[in-house]
Amino acid sequence: MRSAFEQLAQFGATGDGGVNRPTFSEAHLAARAWFREHIQTAGLDFRTDGAGNHGSYLPCGPEDAPALLLGSHLDSVPNGGRFDGALGVMAALEVLKTIKEHELRRRTNLEVIDFTDEEGTLVGLLGSAALAGHLSPDLLQNPRGGRSQLAAGLQRAGLSDESALNAARPKGSLAGYLELHIEQGKRLESLGKQIGIVTAIVGIWSYRLSFIGRADHAGSTTMQDRLDASLGASAFTLTARELVLHDFPSCVVNVGRMDFVPGAFNIVPEQVVLALEFRSPDEDEFTRLDLALLDRARQEATRFGLQLKIEHLGKHAPVPMDENIQGAIAHACDDLKLTHASLASGAGHDGQSLADLCPVGMIFVPSVAGASHSPREFTQWEDCVNGANVLLQTVLRLTI
Ligand code: GLV
Ligand code: MN
Ligand code: MN
């Protein structure tokens, strides 16, 4: 597993320990091709679908039994780490190989999956949403990565809107979904625990907000005369932080990008397009935070004489993990004499899409210093192996 993991980390390697593999970039397509070959070389069956999900199916159960799905994703954020997603995919494949090598018969069949575009370069949770039947033509028309980028990416991968919309699986076809992932936070490290049992995945909403003013000469226009879009965007960013810190302590907000139009030293910004994302573990709190944030955005636009355009780019609800799976993970840890703690995930994961299709569970391993979405992301190899063993033992318990 280590050798395969290290080979995979060469695709899009940035030279500082990280990888740059945004969805359907050259490096991502090369990693996908390598994964396909790796599956076939292992003598396993390769599968793909209209959303570009890649994987393998092991018929180790009765022919008509559903499959227990194991997986994660091979795409990365721009200049991300080598563990986020990749660890879960390689561990899932290792479990499949182990069960095949030992010719074990199980109550269900098994399947590994590398979900397309988990990170949201194009849409976010694209492959899992497609599989769960949650994709809509509207979402594909206005994805968070931009429509033209999505259309070009799908074309590079030999896919289309239609094929993605047709990738839905019927209810009852999956016995469950299980994912091993790095924690991406510091809780396991500070608690001194080896394994995290995920209780829930946080919800995520995203918006594109455009503050619209007027382009003017940056030298000859007086400060009083300007309709400077950057002022609304900047003031909103600061006020959003204050709002969450004071009134929504269990939530987080992020402005991950601001695009200035026209974007020149000597032109007052006519427009600033801002990428806004916020997260909450609780649905009611989400609704209140949503209203409060948009209210602040309108106030800041008005304060600087700007227009505000609001585009809602999708919502992933917070989802609890299946209690039976959480129990199986705890037993697996106890069998392996590994210490464990229960915790909620502050990162989004494909399990969010699948929760109304089948029971979902997640296993976390510690992230050194909590670093993630950065080349500093690191997990000790011993912890990766512990996580893979817990994944295997949990699968064996769930399919007995
Ligand atoms: C995915 O990693 C996310 O939480 O944005
Ligand atoms: Mn991930
Ligand atoms: Mn990630």
Side-chain angles (χ1 to χ4, degrees), residues 5 8-9 12 14 17-23 25 27-28 31 35 53-54 70-92 112-129 143-145 177-185 187 196 198 200-207 251-257 275-281 286 313-319 321 343-355 360-367 370-379 384 387 391:
F5 179 80
L8 175 59
T14 46
V19 297
N20 187 34
R21 276 202 309 257
T23 307
S25 60
H28 182 230
F35 183 54
N53 296 314
H54 274 181
L70 315 175
S72 197
H73 57 96
L74 294 187
D75 66 315
S76 82
V77 292
N79 293 325
R82 60 167 67 188
F83 295 86
D84 181 353
L87 174 64
V89 174
M90 296 325 290
V112 166
I113 195 152
D114 155 30
F115 281 117
T116 300
D117 188 42
E118 190 271 351
E119 295 287 11
T121 309
L122 302 175
V123 178
L125 309 185
L126 170 59
S128 52
R144 71 182 206 170
Y177 174 66
L178 196 54
E179 175 167 343
L180 169 66
H181 204 280
I182 54 167
E183 182 202 338
Q184 310 179 279
R187 282 163 300 173
V198 179
I201 305 177
V202 76
I204 309 176
W205 289 17
S206 45
Y207 283 92
C251 303
V252 290
V253 62
N254 191 48
V255 174
R257 186 168 169 162
L276 171 70
E277 190 195 82
F278 49 98
R279 305 186 182 211
S280 168
F286 235 142
L313 298 180
K315 168 184 169 178
H316 301 292
V319 293
M321 298 291 94
L343 75 195
S345 172
H349 296 286
D350 286 303
Q352 269 167 291
S353 303
L354 304 176
V360 172
M362 287 195 76
I363 300 161
F364 277 177
V365 285
S367 291
S372 187
H373 283 189
S374 146
R376 289 183 295 112
E377 182 179 285
F378 187 71
T379 292
C384 296
L391 182 68

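Residue indices begin at 1 and follow the sequence shown. Remember, it's 1-based here, ligands and their atoms both numbered in the order they're listed.
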So do the side chains of R21 and E119 get within less than 4.5 Å of each other, counting heavy atoms only?
no
Could you enumerate the protein N, O or S atoms under 2.8 Å from the Mn ion (ligand 3), written like residue then atom name?
D84 OD2, E119 OE1, E119 OE2, H373 NE2
What protein heavy atom lies closest to atom 3 (C) of ligand 1? Include the residue and the distance to one decimal.
R279 NH2, 3.4 Å
Atoms of ligand 1 under 4.0 Å from any heavy atom of A347, numbered from 1 in the order shown, are 4 (O)
Parallel, tilted or perpendicular: which fits the ring planes of F286 and W205, with parallel below 30° and perpendicular above 60°?
parallel
Taking both backbone and side-chain atoms into account, decide whether H349 has an N/O/S atom under 2.8 Å from the Mn ion (ligand 2).
no
Can any side-chain N or O of S372 pair as donor or acceptor with the backbone N or O of E377 at less than 3.5 Å?
no
Where on E119 is there a heavy atom closer than 4.0 Å to ligand 1, on the side chain, on the backbone, on both, or on neither?
side chain
Look at ligand 1 and say whether H373 reaches it with a heavy atom at a distance under 4.0 Å.
yes
Working to the nearest 0.5 Å, report the span between CZ of F278 and CD1 of I204.
11.0 Å
Please state whether the rings of F5 and F83 are parallel, tilted or perpendicular, taking 30° and 60° as the class boundaries.
tilted
Indicate whether the side chain of D117 and that of H73 have a donor and an acceptor atom separated by less than 3.5 Å.
no
Any chance the side chains of S72 and E179 put a donor and an acceptor closer than 3.5 Å?
yes
State the CG-CG distance between L180 and L391, to the nearest 0.5 angstrom.
6.0 Å
